[in-house]
Amino acid sequence: MKKDTSHTLKRAQRFPVILIGEGLLVGVVSGLIVMFYRIALTFAGQWLNQILGYINGHPLRILGWFVVLLLLAVLVGCLVKWEPMISGSGIPQVEGEVMGKLSQNWKRVLPAKFIGGFLCLFGGLSLGREGPSIQLGAMGGQGISRLFDREKTEERYLMTCGASAGLAAAFHAPLAGVMFALEEIHKGFSVSLLISVMTASVTADYICSHIMGIDPVFQFELEHVLPQNYYWMLLVLGVILGLLGSFYNKVMIKAQELYKKPKCLNETTRLMIAFLAAGVLGLLMPSVLGSGGDLIVSLTDGEMVLQLVILTFVVKFLFSAVSFGSGAPGGIFFPLLILGALIGGAFAMTGVELFGLDPVYINNFVLLAMAGFFTAIVRAPITGIILLFEMSGSVSQMLSLAVVSVAAYITATLLKSEPIYESLLNRLLDGKKNETGGDGGRQGNGAGSQKVLSEFVIMSGSVLEDRTVMEIHWPNNCLLVALERDGKEMIPRGRTRLMAGDRLTVMTDERDAGYIHDKLENLCYTSF
């Protein structure tokens, strides 16, 4: 049903109330979807371990397993060809659609991502469950929007709720789900959005934890709080994590480029390389297969020596690049946390030998390095800090978590390393641009009949601050419909003077939403 401008504005006035109820519904649906996905991946890991034990030492069985791996690659390749949007993490796809730059079909993405992610983890690829969980949750939100015939503006809110619910259910981390959805997916904040996202996140976490238990994901003891006389080591660790995080981002992007260079490789043959690599490592070093959760147990229980930690890090790092670069449906979120833990373990073990660090603090550095490495790669420090204390069940490390995260963030920023999900989204948009010959910002699908409302906050020092509306060269095809200041909404006029902290509501056609989003962000956030 076609909806006019007045209908869009009237419904937007009732968003705070509407979105609470819809956020609850999205939380239930997305929470159930991701819970079943977690259960499926648990079985995938168990079956993989049983198969590796069964084929060990039997050449014919090993050969048979490699044939199965090739068949899995073919199946996943067919799914990726059928629905290209399931390739990779899924987080850039959700970000792109929320910004109006991409379009997904929940009826295709949901089953394809679910099955593809299961097959990849069953084959042993070094991928995580968080990216698929976020995409599955967002598609749950989109499905509810489409079933109830909601407008595009509302749909993007519901997708943000679904993404939050997906992360909450995947990691038993409702607060991290809220922060990630606001900090990374929606890249904006409003009271109505916050309440609805929180409702969805808490609902999904309640459903998942009620059935699967409330134990934290990482179950290791932190016996003591790190003394402040060791904080200089946190600064050093933060710099190392920033350097390695920047290197990680470059390697992941380079891996995708290397896969696409040979003309003989397509979606299926790229996956065959990754699955065969998983088969070889399953025989030589099975600990690096899958997400790598068991490595945390071995590391924090003191079962790994320094040389083994370094070797495991190198192999896991390279295997993650091979797995993710192939375009397999799976995330990098959990594997990068494992890599961060290995960096922290190696750093602490070195500190024990060289600087007299008490061994009881090794686990502290494992946890801290996970947050720092995540921050350097994703550039979402608040999410990283909250995520790690929720996943570990420890709130005593907040100050040290902040120190490491800030040091890693500054280092990665100074190195001009682009956040990984932004890099992946830009590459995805470039690929769409090359396929369609379009500008990559506008969908160009004739869907411009719907109106989309977007919100932007004027930052201090931006080109909009202390200028009147009539003085601004606004982009074409957008209408400034409202301005909120100090909690009060006003109708902006030509002589209205804009101030830092003002929240602008802009209306545009659906087809122009991505283009307008970029233009308005530049106006609100840049000083030139």
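Side-chain contact check for Val406 versus Tyr409: every heavy-atom pair is 4.5 Å or farther apart. A heavy-atom distance below 4.5 Å is not found between the side chains of Phe275 and Leu70. Here the side chains of Val225 and Leu399 are not in contact, with every heavy-atom distance at 4.5 Å or above. Side-chain atoms of Leu425 and Leu102, non-hydrogen and from C-beta on, do get closer than 4.5 Å to each other. Two residues are said to be in side-chain contact when any heavy atoms from C-beta on lie closer than 4.5 Å; Leu60 and Ile55 fail this criterion. Residues Leu125 and Phe324 have side chains not in contact (no heavy-atom distance under 4.5 Å, counting atoms from C-beta outward). Side-chain contact between Ile86 and Glu83 is present, with at least one heavy-atom pair separated by less than 4.5 Å. Side-chain contact check for Ser405 versus Phe374: every heavy-atom pair is 4.5 Å or farther apart.
Contact between Gly27 and Thr203 at its shortest, heavy atoms only, is C-CG2, 3.9 Å. Of all heavy-atom pairs spanning Thr300 and Ile296, the tightest one is OG1-O, 2.7 Å. Shortest non-hydrogen contact noted between Cys120 and Ala328 is SG-CB, 3.7 Å. The minimum heavy-atom distance between Leu136 and Lys113, with the atom names listed, is CD2-CB, 3.9 Å. Residues Pro335 and Glu130 come closest through the heavy atom pair CD-OE1, 4.5 Å. Across all their heavy atoms, Leu387 and Ala173 have their closest contact at CD1-CB, 3.9 Å.
Around the OH atom of Tyr206, the shell of radius 6.0 Å holds no more than 12 heavy atoms that belong to other residues, nucleotides or ligands. Around atom CZ of Phe247, no more than 12 heavy atoms belonging to other residues, nucleotides or ligands sit under 6.0 Å away. Within a 6.0 Å radius of OH in Tyr54, no more than 12 heavy atoms belonging to other residues, nucleotides or ligands are found. Other residues, nucleotides and ligands contribute more than 12 heavy atoms inside 6.0 Å of the CG atom of Asn49.
Formation of a donor-acceptor pair under 3.5 Å by the Asn266 side chain with backbone atoms of Thr268 is found in this model. When atom types are taken as modelled, the side chain of His210 and the backbone of Cys208 share no donor-acceptor pair closer than 3.5 angstrom. Judged purely by atom type and a 3.5 angstrom limit, Ser326 has no side-chain atom pairing as donor or acceptor with the backbone of Ala274. Side-chain atoms of Gln93 come within 3.5 Å of backbone atoms of Met85 as a donor-acceptor pair (strictly under, hydrogens ignored). Of the possible donor and acceptor atoms, none in the side chain of Ser164 sits under 3.5 Å from a partner among the backbone N and O of Thr160. Within the 3.5 Å criterion, the main-chain N or O of Ala170 finds a donor-acceptor partner in the side chain of Arg129. Put simply, the side chain of Ser298 never gets that close to the backbone of Leu295: no donor and acceptor are under 3.5 Å apart. No donor-acceptor distance shorter than 3.5 angstrom exists from the side chain of Ser201 to the backbone of Val197, with no hydrogens or angles considered. Within the 3.5 Å criterion, the main-chain N or O of Val76 finds no donor-acceptor partner in the side chain of Glu267. Using a distance-only test at 3.5 Å, with no hydrogens or angles considered, a donor-acceptor pair links the side chain of Tyr259 to the main chain of Val322.
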Test Asn426 against Glu418 for side-chain hydrogen bond (donor to acceptor under 3.5 Å, both in side chains), laying out the working first.
CA-CA 11 Å; Asn426 290 334; Glu418 188 178 19; 2.9 Å; yes

Leu72 vs Leu69, side chain to side chain contact (heavy atoms under 4.5 Å, CB included): CA-CA, chis, key distance, verdict
CA-CA 5 Å; Leu72 292 177; Leu69 289 174; 4.2 Å; yes

Using side-chain hydrogen bond (donor to acceptor under 3.5 Å, both in side chains), reason through Gln135 and Gln104 one step at a time and then give a plain yes or no.
CA-CA 10 Å; Gln135 189 176 21; Gln104 301 176 85; 2.8 Å; yes

Go through it in stages, so that I can follow the logic: the residues are Ser126 and Ser323, the test is side-chain hydrogen bond (donor to acceptor under 3.5 Å, both in side chains), and I'd like the CA-CA distance, side-chain angles, deciding distance and then a yes or no.
CA-CA 6 Å; Ser126 180; Ser323 299; 5.1 Å; no

Given side chain to side chain contact (heavy atoms under 4.5 Å, CB included), test Phe373 with Leu337 step by step and report yes or no.
CA-CA 7 Å; Phe373 200 52; Leu337 292 178; over 6 Å; no

Derivation of the side-chain hydrogen bond (donor to acceptor under 3.5 Å, both in side chains) call for Ser417 and Asn249
CA-CA 8 Å; Ser417 172; Asn249 287 356; 3.3 Å; yes

Pair Leu241-Thr411, side chain to side chain contact (heavy atoms under 4.5 Å, CB included): steps then yes or no:
CA-CA 8 Å; Leu241 292 169; Thr411 302; over 6 Å; no

Evaluate Ile62 against Leu283 for side chain to side chain contact (heavy atoms under 4.5 Å, CB included), listing each step before the verdict.
CA-CA 9 Å; Ile62 293 173; Leu283 301 175; 3.8 Å; yes

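Ring geometry, Phe180 versus Phe333: the interplanar angle falls from 30° to 60°, so the pair is classed tilted.
With ring centers used as reference points, Trp232 lies under 6.0 Å from Phe355. A ring-centre distance under 6.0 Å is not found for Phe118 and Tyr37. Aromatic rings from Phe334 and Phe171 are positioned such that their centres are separated by under 6.0 Å.
Interatomic distance, CG of Leu339 versus CE of Met370, reported as 11.5 Å (0.5 Å rounding). Rounded to the nearest 0.5 Å, atoms CE (Met179) and CD1 (Ile382) are 4.5 Å apart. In this structure, Leu265 CG and Met272 CE are separated by 10.5 Å, a value rounded to the nearest 0.5 Å. Rounded to the nearest 0.5 Å, atoms NZ (Lys260) and CZ (Arg427) are 5.5 Å apart. The CG atom of Leu306 lies 10.0 Å from the CE atom of Met304; values are rounded to the nearest 0.5 Å. Ser133 contributes atom OG, which lies 9.5 Å from atom CZ of Phe114 (distance to the nearest 0.5 angstrom).
When the options Val178, Val26, Ile185, Thr199 are evaluated for a side chain to side chain contact (heavy atoms under 4.5 Å, CB included) with Cys161, the one that passes is Val26. Screening Asn364, Leu401, Leu368 against Leu234 for a side chain to side chain contact (heavy atoms under 4.5 Å, CB included) leaves a single residue, Leu368.
Using a 4.0 Å cut-off between a side-chain N of Lys or Arg and a carboxylate O of Asp or Glu, Lys254 and Glu257 qualify as a salt bridge.
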